[in-house]
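What follows is a single structure, and I will ask about it in a moment.
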Amino acid sequence: LKPFWLKPTASPWPPRIGLAPKPVAMPSKAAAIAVGFGAVAAQLPLLLLQGGVSSSQAMWAWTSTPQCVWNGGTCSGSGSNKWDAGTSCTLVCATDGKVPSVEKIECPSTTSPGTVTPTDNGWYGVCGWTKDDCQSTMEKGTEVTCGVAIKAAAVGLFSRSLSISAMATAAVMAAAAR
């Protein structure tokens with residue numbers, strides 16, 4: 001007698017007919033090699049371009065040069081209150097005889113021509129995210145005040161008179177202490 005589990009039973013699979021291949025439990029060597037080559041090919045762009053592409057950035061710039069503006073007067077030499085990014089403005093107050101509290105204001109530069117980066121010294125917020133003209137100007141020098149010019153000679157006389165009065169006070173106090 002044979003145990004019941006060794007009895008022939010009907011196969012759950014249909015019978016093989018003609019030249020149908022046998023079912024394969026493991027892939028062939030050719031399939032494994034093809035998968036290996038595919039994995040290497042997927043990494044080639046990264047391996048080959050590793051040093052060639054250092055950063056990604058927009059390859060455009062605004063069609064007009066971004067400018068700064070100072071509303072308290074003008075820049076000496078130009079007569080305008082606007083000046084280009086990457087340059088400085090030597091301030092001249094709008095009221096005659098007044099002198100600015102700061103001599104120069106720098107206008108932040110943008111990146112090299114033809115490229116703009118997201119951290120472009122605040123210019124994206126001013127100019128916008130388009131490749132057209134810069135939309136606005138960056139206001140600079142809001143803390144600058146225009147006041148009366150104090151002549152150096154007057155300052156020198158004032159400091160000398162303070163020194164003389166301090167020496168006189170010291171002499172009087174020394175005499176009183178005797």
Side-chain angles (χ1 to χ4, degrees), residues 31-170:
I33 291 172
V35 168
F37 277 127
V40 170
Q43 302 304 317
L44 281 178
L46 177 65
L47 294 171
L48 295 176
L49 299 174
Q50 198 169 19
V53 180
S54 59
S55 67
S56 295
Q57 58 188 13
M59 293 306 293
W60 55 269
W62 297 288
T63 53
S64 63
T65 302
Q67 290 186 319
C68 289
V69 63
W70 179 52
N71 292 322
T74 61
C75 298
S76 70
S78 73
S80 172
N81 68 337
K82 295 179 183 178
W83 68 102
D84 291 343
T87 62
S88 62
C89 170
T90 302
L91 305 177
V92 176
C93 289
T95 308
D96 287 339
K98 302 278 182 158
V99 177
S101 58
V102 175
E103 182 183 352
K104 279 186 179 184
I105 301 177
E106 298 291 326
C107 188
S109 63
T110 62
T111 54
S112 61
T115 60
V116 178
T117 61
T119 57
D120 200 16
N121 291 331
W123 285 109
Y124 266 125
V126 174
C127 292
W129 294 83
T130 67
K131 64 178 182 169
D132 300 324
D133 285 349
C134 183
Q135 303 297 314
S136 187
T137 54
M138 185 182 288
E139 189 173 349
K140 301 300 280 182
T142 55
E143 71 286 348
V144 175
T145 58
C146 288
V148 178
I150 299 176
K151 301 287 183 196
V155 171
L157 287 174
F158 180 70
S159 65
R160 263 189 250 133
S161 66
L162 284 178
S163 301
I164 293 170
S165 69
M167 288 184 341
T169 304

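Throughout, residue positions are numbered sequentially from 1 according to the sequence presented. Only a predicted model underlies this, so the values are computations on that prediction, with no experimental measurement involved.
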query = Which atom names give the shortest non-hydrogen contact between P108 and N121, and what distance separates them?
reply =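 Shortest heavy-atom contact: CB-CB, 3.8 Å.
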
Quick one: list whatever passes side chain to side chain contact (heavy atoms under 4.5 Å, CB included) with S80, sequence neighbours left out.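 For S80, the residues satisfying side chain to side chain contact (heavy atoms under 4.5 Å, CB included) (neighbours in sequence not counted) are S78, K82.
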
Review point. Do you know the tightest heavy-atom contact between K98 and V148?
Key: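 Nearest pair, atom of K98 first, then V148: CD-N, 4.2 Å.
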
Return a table of donor-acceptor pairs under 3.5 angstrom between the side chains of residues 134-147 and protein atoms on other chains or two or more places apart.
residue	atom	partner	partner atom	Å
Q135	NE2	D133	O	3.0
E139	OE2	N71	ND2	3.3

Which heavy atom of P100 sits nearest to which heavy atom of C93, and what is that distance?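 Looking at all heavy atoms of both residues, the closest pair is N-SG, 3.3 Å.
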
- With sequence neighbours excluded, residues passing side chain to side chain contact (heavy atoms under 4.5 Å, CB included) with C107: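 For C107, the residues satisfying side chain to side chain contact (heavy atoms under 4.5 Å, CB included) (neighbours in sequence not counted) are C68, W83, A85, W123.
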
Item to check | side chain to side chain contact (heavy atoms under 4.5 Å, CB included) partners for T65, two or more places apart | outcome: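 If we apply the side chain to side chain contact (heavy atoms under 4.5 Å, CB included) test to T65, skipping adjacent residues, the hits are D84.
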
Exercise for the section: First locate atom CG of N81, then atom SG of C75, and finally report the distance between them rounded to the nearest 0.5 Å. Expected result: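 Between N81 CG and C75 SG, I get 7.5 Å after rounding to 0.5 Å.
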
- Item | Pairing residues for E106 by the side chain to side chain donor-acceptor pair (under 3.5 Å) criterion, not counting sequence neighbours |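 Applying side chain to side chain donor-acceptor pair (under 3.5 Å) to E106 gives none.
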
field: Over all atoms of both residues, closest heavy-atom pair of L91 and W70
entry: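 The pair with the smallest heavy-atom distance is CD2-CE3, 3.5 Å.
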
